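Heads up, the thing below is written out as structure tokens.
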Amino acid sequence: MVLVLAIGDLHIPHRAPDLPAKFKSMLVPGKIQHILCTGNLCIKEVHDYLKSLSPDLHITRGEYDEDVRYPENKTLSIGQFKLGLCHGHQIVPWGDLDSLAMLQRQLDIDILVTGHTHQFKAYKHEGGVIINPGSATGAYSSITYDVNPSFVLMDIDGLRVVVYVYELIDGEVKVDKIDFKKTATTQSAH
Amino acid sequence: MPPVPASDHASPIRESISESRFSSLRGVRWRIDLGILPKSPASIDDIRRVAADSRRRYAHLRRRLIVDPHLSKDESKSPDLIVDNPLSQSPDSLWSRYFRNAELEKMLDQDLSRLYPDQEGYFQTATCQAMLRQILLLWCLIHPECGYRQGMHELLAPLLYVLHIDLQYLSHVRDEYEDCFSDEFHGVSLPEIELSSAYRFEKIMNMNTAATDKDGSVQEKSAKVTSLDELDPETKDIFLMSDAYGVEGELGVVLSEKFMEHDAYCMFDYLMNDANSVVVMAELFSPSPSIGSSTGLPPIIEASSAMYQLLSIIDSSLHSHLVELGVEPQYFALRWLRLLFGREFSLEDLLVVWDDIFSFPNLVSFPDKANESELGCRILCSPRGAFILAMAVSMLLQLRSSILATEYATACLQRLLNLPEDISVKKLIEKAKSLQSLARDTVFSCSTQGGIPGHQHGGRRGQSLSYGSSPVTPNLLSDSYWEEKWRLLHAAEELDKENCGDTVSSDMANGPLIGRFNLPRTASDPCPTDFQSENKNVGPSDTSTRVDRNHGIYRSDKVPRISATEESLCLEIEAETDYVEEHPDQDVIVKGLDVAEESRFNADNSLSTATSPHRMVNDHEYDSEDSSITSSSLIGRTCDEANSAENPCNTSIDKDENSIASSRSGQGPYSVEKHAAGLKKWKPLSGRFQWLRRFNRGYAEGNMGNRIAVEPQKSYVVADNCGSISGAPASDPCHNSYEVSRNIEDEDKNVIGTSGDPCHSSFEAHGEIEDEDKNVAGNLRGIAKAMLENIQVIESIFKQDQGLDGSKDSKSTTISGDGQAAAMAALEELRNISNFLSACDD
């Protein structure tokens, strides 16, 4: 059993001062094995903070990241799943399912994590999952100011992924859960 | 010795012997000893039932406590996601429990991966590691107040290993008696055997049709019954225990690989935390004082100081050496006791040690005492706890010489924590067993003396009331303590005397001796005037028989029969009696006292009043006297003490004789003889003596030299002694004489410390005598010479003292004058005897 945190678009310090206190208190070291960060952190301090949660930190580059060494996209295998990571500002139209599915096929991955739209989204698509964890700080996006802070935690266990969505609505943390099972033939289970 | 503890002490041994039913199945034996399976008379069916129950309990626990958040989600369809999510803050959520377990497991794995690295064969296998992890995890979850502490895994590992060995043995037996153990029902289902023989098929068919019982256990047994009867009972037990069709079915199979984890857990749980037991291993791991502890110290500290206390009784010189070096007991006892010596012995040896540890019941044997005494001694209240501490002490004694050779604490600890590999476990256990009863008796001393650990050695080290190493400074000793002590010594002295008388008159008849040893001494009043008034009307006959004895007859009677050591004692008595004879002006007092003591002694004997704390202490004292033989340094001391506890008039004489006797090797063997003769029922002790004798025989030669070396110092002791007696005012005789004995004690210590082993010499003498009677004459001559020397010294000092006293204290002169006169007379007599002796031998 592996816990993977998907988080992104923090825009610290430009659009938000810090993570919401409630999120910060939930995110403690020792539980999370991997962190997938879609980008736009934007400063090194945030990188360091994430590193403190889990040393296995994967980051792709958002358009506001000051560290230019982050790659455009990244793939990795966790358990029996192949995961891909991309910020998403390169994929137009932004947040479009078909465009994202294209990238998913291109990278040959089961789970694609992207960001940029600051809106939580999760699709089961063509035997894979496409996840947008939203903005962890609730920073405004170029599309909308109405953003709820959110992030995603994936519990990968064998052929099964449970996606927990943490969203801060009116000062309360709401948790939602999405089950996903990968079949041996990579056909969608649901 | 007191009947109650003795019988109590014997019973566990008897039980453990009867447990030899499963002699080849250590795991089963341990499970019985630990109280998981019913005790011996239980039938196999009962055992199976209990085993099945314990496994069910474990399975239930495991199901309840090992959480898997993935599985639980399916079961409960409406999980509260706010609470049950991986990042949940609530401590009750599945996930936080899961994370806590995971954390614990990680910690466990760190230790488990290093468990017995040299025994990779078993402990490092994945299955074993998984089992160990699971067991420890569950135990920690059930006992959150203890949690996991490093070392617990090393307690568990041998338990699992033993079960593993049992299974190996089972498969070995199975191979041997294949036809009995083969399971034909299973054979049917196996494709390669299926229907291969028409005969077998038919037979099975017949059996199936004939079966009235559906599970087939009835005809299975009836089919086997012919072959089963041919088996020896042991194998039959094994068969019945591993028969899947027995009571409780497969769950009741006592030796089952499937349920190893369950069984090991039960054993571990009982070992760590049995509610009824005294030695709770979990407590030893806990850093905080246990409930009910008045000292406020962690139990492990209390247990280790109890060990030191025991050591101080058994071997005070070793104890004081350790204290001097600043080696606190917990420095090494922490590891010894927490792991039950797991690190000190190889695994095979450890199993033998644990065999014995577990074979002793872990219940409070003296509940009333246990409540009274404080926790440092509480561990001693159970035979098992006493044995564990005795084992530790016997290990210390084993290392005695090398510890005494160390000059720094670090070097000493190094030796304590790296036991020599060639150490003989059997010997250690034997010794521990012999020390065990003594350990248990310290409970009494604890409870009567206030039960503070360290108290004992504090007292032993001197009169200054310094409790250097005792963790809690007790209240000042009450006067009654010393009085008590004095009484004991007094009683002991009387006992000694009586014993001698016995050897003379009744030729060491066993019956009366035992009776005497059982005597409870509750009312020994040391006030001399009482005796005097009492004695006049009681039996003068007793004394007269003794007094009437002629030297010549006496000697000729004795010499061929008894060893020379007794000789010296008889001599002692005679000196007294003769003295009584020849000084009619003074013998009123002395004789009276003598008679009083005798008569009172006898009276007490017949009375045999109820048990009381005094008596307990009394027993304890005897024990310490016994133990002094082991320690080889205490002996002279206790004897001196005992004899010095005479009445003031007698003191000087007695003392002289005593110190002469002890320095002349009379005393040691004497007490050995006494115990060997009188306490034959005390198997462990006499066993120990034999061991000691063997040990000491090695020192046979070169002892004469030693003796001579000791001589001047001894006589110094005597001198000092006399001085203090005559100098002290007679207001408090008890205290006075006690102080005197203290003096002697201290001096004795010095003597022993400086001049090696005077007690070895005494032992040697004894051994020699036992071996060859030819030496008797030589010894006698030696004794005579030494006596002469002593007498000369004493005389000279007496003369000095007389002068001093006269000028110093006019009040004391009357008494000390009397005493001195008496002493002088006795000396005269002594000289006569020695002359006679040397003449006789020539």
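Numbers restart at 1 for each chain; the letters A, B, ... are given by sequence-line order, proteins then strands. Keep in mind that this is a model prediction, so the values were computed, not measured.
Taking 4.5 Å as the limit, some side-chain heavy atom of Phe99(B) sits within range of a side-chain heavy atom of Leu3(A).
By the 6.0 Å contact criterion, CD on Glu72(A) is enclosed, its count of non-hydrogen atoms from other residues, nucleotides or ligands being greater than 12. Environment of CZ in Arg133(B): crowded, with over 12 heavy atoms of neighbouring residues, nucleotides or ligands closer than 6.0 Å. For Glu250(B), the CD atom is loosely surrounded, since the number of other residues' heavy atoms within 6.0 Å does not exceed 12. Annotation: Asp98(A), atom CG; neighbour count of heavy atoms from other residues, nucleotides and ligands within 6.0 Å is above 12. Atom NZ of Lys44(A) has 12 or fewer neighbouring heavy atoms from other residues, nucleotides or ligands inside a 6.0 Å radius.
Scanning both residues, Tyr166(A) and Asn85(B), for their nearest heavy atoms gives OH-OD1, 2.6 Å. Closest non-hydrogen pair, Met26(A) versus Gln89(B), comes out as CA-NE2, 3.3 Å.
Interface remark: of the candidates Leu153(A), Asp157(A), Val173(A), Asp157(A) forms the most heavy-atom pairs closer than 4.5 Å to chain B.
Of the two parts of Ile32(A), only the side chain, counted from C-beta on, holds a non-hydrogen atom closer than 4.5 Å to a non-hydrogen atom of chain B.
Within the model, atoms CH2 of Trp95(B) and CG of Asp155(A) stand 4.0 Å from one another, a figure rounded to the nearest 0.5 Å.
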